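Just so it is clear, the structure is predicted and the values come from calculations on it, not from any experiment. Each chain gets a letter, A, B and so on, in the order the sequences are listed, and its residues count up from 1.
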Amino acid sequence: MSTVVKFHKVVAVAGGFPVLAGLDIEIAKGEIVHLRGSNGAGKTSFMRVCAGLIPISDGDANVLGFDMRDDRRSPRRHIGLLGHDNHLYKDLWVQEHVEFRAAATGAEAGDAGAALRRVGLSDRLWSVPIERLSAGQRRRVAIASMLVGRPQLWLLDEPHAALDDEGRGLLDEILVEAASSGATVVFASHERDLSKSVATRVVTLRGGRLMEDSGAA
Amino acid sequence: MSTVVKFHKVVAVAGGFPVLAGLDIEIAKGEIVHLRGSNGAGKTSFMRVCAGLIPISDGDANVLGFDMRDDRRSPRRHIGLLGHDNHLYKDLWVQEHVEFRAAATGAEAGDAGAALRRVGLSDRLWSVPIERLSAGQRRRVAIASMLVGRPQLWLLDEPHAALDDEGRGLLDEILVEAASSGATVVFASHERDLSKSVATRVVTLRGGRLMEDSGAA
Amino acid sequence: MLREALLIARKDLRVEWRSKVTLGHVAPLALLILVVFAFAFDANARLLELGAGGLYWVAVLFGGTLLIQRAFDVETEDGNFDAFRMSAIGAPSLFLGKSLGVFFQVVLLELVLVPGVVLLYNVRIENWVLLLAAAVGGTLAFSVCGVLWGAMAAGLRVRATLLPLLLVPVLAPVLLAGSRAFDTALGVRAEAGWTWTSLMFVIAAVHTAIGLGTFGFLLEEG
Amino acid sequence: MLREALLIARKDLRVEWRSKVTLGHVAPLALLILVVFAFAFDANARLLELGAGGLYWVAVLFGGTLLIQRAFDVETEDGNFDAFRMSAIGAPSLFLGKSLGVFFQVVLLELVLVPGVVLLYNVRIENWVLLLAAAVGGTLAFSVCGVLWGAMAAGLRVRATLLPLLLVPVLAPVLLAGSRAFDTALGVRAEAGWTWTSLMFVIAAVHTAIGLGTFGFLLEEG
Amino acid sequence: MAQMPGTKHMTATPATRVLGAVALVAVLLMVLLGLVVSPADVVQGQAVRMLYLHVPSIWIAYGAFVLTSLSSALFLIRSRRRHDGGRHYDRLAGSAAEVGVVFTGITLATGMLWGRVTWGTYWQWDARLTTTVLLFVTYLGYLALRRLPAAPMTRGRRTAVMALVSFVNVPIVHYSVDWWRTLHQKASLSVGRRPEITGEMYWTLLYSTLAVTIVASWLIVHRYRVIRLEELRDEEALEALIASRLKEDDVQA
Ligand code: HEM
Ligand SMILES: Nc1ncnc2c1ncn2[C@@H]1O[C@H](COP(=O)(O)OP(=O)(O)OP(=O)(O)O)[C@@H](O)[C@H]1O
Ligand SMILES: Nc1ncnc2c1ncn2[C@@H]1O[C@H](COP(=O)(O)OP(=O)(O)OP(=O)(O)O)[C@@H](O)[C@H]1O
Ligand SMILES: [Mg+2]
Ligand SMILES: [Mg+2]
């Protein structure tokens, strides 16, 4: 099984604060990692470093085969990132937004509809401006926008927040499906149950370092 | 036991959409209501109507003794609202922000520190600009800002999202404490467990109306 | 009410203190506008002298609009406008507090602009009292109008473009009165400087009254 | 690259179409500015005629700055700037696409402004070809400069006030060249209209080259 | 430059102390030459002595801005590969720009004084004066951007791009006298043209330029080191923070 993320003693600094303080971790292809840790432990920071949004200032990091010290832009086209925020153009209609994201990653326009159906967004909402959606509906649009790009590495920051039971079920299915078709999934969440239901591995951070690791599946 | 919220066939419209479509509900003083319902069911809208932010267009609503058709501004000083967003001034320091909110509701400056300690925010972070906080840390600041105003009616929209285990524990304590000292609490959440642990009553909405109600405690 | 207003103003000035936007960005920008206008007028010295009063107020209003915009952006980001509306502080106090905060920032701006005009446009201040009175009157009028209309645009997605559109017509009289009063104070043109100055105070007073009375309505939605 | 750029531009124009900010707010605002200047100059007809070219470009740049600001606000709200950076689309395409989107919006604005100037300031267009060329050149130069600097300020908390400060000095030459070229086209003053127009194209070309080469750097953080 | 001899809290080294001494002597000599040795002008009288500060200052400023642009370009190239690469060039760009701004300011100030004497006003809306002021403001904006709180590399990249764009202004200032009709002196020293001033004035001007260059280099070296020291201080603070994170055992948020 090939390694998708490989961190060795990674230190990363944002705003003068060491958000990662010597993190060692390896994630293999096809894993579904549940990232845990108390508030401020560095979960979000870890994902942003993986996505190349925060540079590493010490240690070695390799993501999808790219050395993140040399080139942290190239892996991005293969990574999907869902942050605490939804990254949505609030002025656009739901469908337009997902179609734009689809086109931006070279997918076809038809994929957009499929993705929206996949996250269970009723088509009454497809031509509604995103601004008018409820929190959970927006989260679904964000997930659809990510889905449509078929990334190889999925980074999701509390994707379950704001989703209802049905949404959670669909999301879990989507994650499992992605992993089984060869993608790698890392998601952060404070809910314990998720460790059992979807994740193949639980990783706990503390103070910008690894604290506990249930080990690869 | 006196009634704090009393809705009778309330219809409320936002952006041309009936976000509440004939809602009947009564909430008594001291209750802790867990508001449930699928995405788009109208939980957020219900809270915003309670807070007087969305006008009602049909039916009768009474909040804290104020008729919401006549006067939806007066109850506000007794209501604390925590939305999906945190309502924070990102340029200010944590402590400054909470002190401002304290002063704005007539509390003392000392209360701010107490509230911050109550939500478990380490004092290293008190003089950090809010912009730099992690998602959970921000949520804690938002809760502290609300706490400090000692509202009679607490409206919290997914307050648990982004909080870690410790934070959730603290929040639940705070809610129980508030209710036992005479305040009324309504919180929305998609997590089932919370119904058992804190709530005295579970209310489920669907399509802007009441679907299920475990009844008053 | 005054206590609450001061609270708001203090908060706004603290935000300003943290970001140093007024002195760091807006004041240099306003100076630059003075320079660019000179350029646009083909460096006609006589014209610049004649236009000094008007250009001063154009620069103030332009910079001030940015400050108003920012004063409300701070209030509306992160869903904060709801908090503003939920505030236990009464609407009149909010209005006064915001106006006060803006007033001080614009004063700061003008402290930089006056020397700028004097040096660059080569004018002399002939009537200090009138100049001061006109500056205070114009700034007051600007602050209250700005906050009133700022609230109207606040929270809308298109606020950044809507606000100037709403503000310009309302501020046109202030611009006119300010220019004429300054023209007199700078000895460029004999005009009824004091009349124009009082006009600005009247505008400020009227808008303050309107603001105190209606600010609550502006904050409501639906 | 072109395909991707067009994608971005189309998305921006669609956002514009949904919010109708250019025609609804910015164009009326620009017209208003023309009116206010007329006021400020006390409706001195000769002066207005002389200043027509300059005032036209002041209005364009002012309105255009609002459009740039908005083009990047759309990109940065809701944490969207991360998405912009994560975009699979290359930085040069982003730069071109954004510039294209802004270009079309500013053209829209000018389609309203030209008749405005002609009517309000009572000038006649004597050289259509020159006018058109100057308008296109100036708009191009404005769009690429604006997008380049817009990205520089984007994502910063103080962007709303920083952007104009950075933009004004860079745009001053465009303002000057545009004014002179228009003066010639409107027959107000005999100037080297075509030289000024080519200067604008040169500015546009230089900034396009810099933008294509460096846009990627502007998006990175840390 | 990374390793500073002597104590780490000082910005001077033996070499730069010598440079400082030379700068001092050079300036004294320049004053002597400018105020005593060189003759007064036929037309301008004593006021012409302003020339020896006015003109070298702006030339040095041009030079500093060239340095800023070159370092910025090198910084961008280096930083493309390794994330910490080329910080050296960023520091150099910053210190050169600061010195450039100061000398542009000197030219503006002496020019205004000179203008007061010869034209009767401090300020004229002349193309060269205006473009000089735009140049000044552009680089002030550059320095403002440098001061914003941001990650050093983010800031470095953005400011480097800005430096490249800003440099466009320099030739505009220089050629403004040719492109527009101006009150201001035409360029008297220009590539491919014979100098219009001669004799002692010419030599004094050249010498002043040399002296000001030495002063500017001394300033740049020291500004560079101050910036470096500030970075070292930040790095130390960071190490402390990392250390404290490593023993972060209290589970407080
Ligand atoms: C604020 C006012 C002034 C400013 C901003 C200013 C700016 C400049 C600049 C930028 C240059 C360098 C040109 C180049 O080589 O690229 C220059 C050169 C010069 N300036 Fe000024 N100047 C000002 C006032 C004056 C005055 C009042 C005089 C004398 C009447 C004067 C005389 C000169 C002379 C003789 C040169 C040398 C020209 C040459 O050899 O290239 N300047 N000035
Ligand atoms: N730009 C920044 N400047 C300074 N400190 C920062 C910055 N970004 C993050 N931090 C700090 O780094 C720590 C880790 O933040 P991070 O967002 O990674 O935590 P997290 O594990 O995602 O927490 P949460 O569960 O609350 O989302 C926090 O203490 C935060 O305050
Ligand atoms: N301004 C608006 N214009 C039009 N429709 C709106 C507006 N606000 C809300 N809606 C619609 O009203 C419905 C209820 O929204 P609300 O935010 O109350 O749901 P919710 O129960 O809070 O959902 P979630 O669990 O996703 O937060 C949604 O279908 C939403 O699209
Ligand atoms: Mg996080
Ligand atoms: Mg909701």
Could you go through B:Asp91 and C:Arg14, starting from their C-alpha distance and side-chain angles, then the distance that decides it, and tell me whether this counts as salt bridge (charged side-chain N to carboxylate O under 4.0 Å, His left out)? CA-CA 9 Å; B:Asp91 293 287; C:Arg14 177 162 283 158; over 6 Å; no
Value for CG (C:Leu7) from CD (B:Glu99), rounded to nearest 0.5 Å, stands at 10.5 Å
Decide if atom CZ of C:Phe104 counts as having more than 12 heavy atoms of other residues, nucleotides or ligands within a radius under 6.0 Å. no
Which of the residues B:Glu96, B:His97, B:His78 is involved in the greatest number of heavy-atom pairs with chain C at under 4.5 angstrom? B:Glu96
Rounded at 0.5 Å granularity, tell me how far CZ in B:Arg77 sits from CE in C:Met86. 11.0 Å
Atom CZ of C:Arg18: over 12 foreign heavy atoms under 6.0 Å: yes
Segment of B:Arg138 engaging chain C (4.5 angstrom heavy-atom cut-off): neither
Any side-chain heavy atom of C:Arg85 sitting closer than 4.5 Å to one from B:Arg73? no
What is the minimum heavy-atom distance between C:Ile8 and B:Phe100, and which atoms define it? CD1-CZ, 4.1 Å
Could you check B:Lys90 against C:Val74 for side-chain contact (heavy atoms from CB on, under 4.5 Å), going step by step and ending with a plain yes or no? CA-CA 8 Å; B:Lys90 293 192 186 166; C:Val74 163; over 6 Å; no
Does B:Arg209, at its CZ atom, have more than 12 non-hydrogen atoms belonging to other residues, nucleotides or ligands within less than 6.0 Å? no
Rounded to the nearest 0.5 Å, how far apart are CZ of B:Arg101 and CD1 of C:Ile89? 9.0 Å
Check the pair B:His87 / C:Phe84 against side-chain contact (heavy atoms from CB on, under 4.5 Å), numbers first and verdict last. CA-CA 9 Å; B:His87 310 316; C:Phe84 197 60; over 6 Å; no
Heavy atoms of C:Arg3 and B:Ala103 approach each other most closely as NH2-O, 3.6 Å
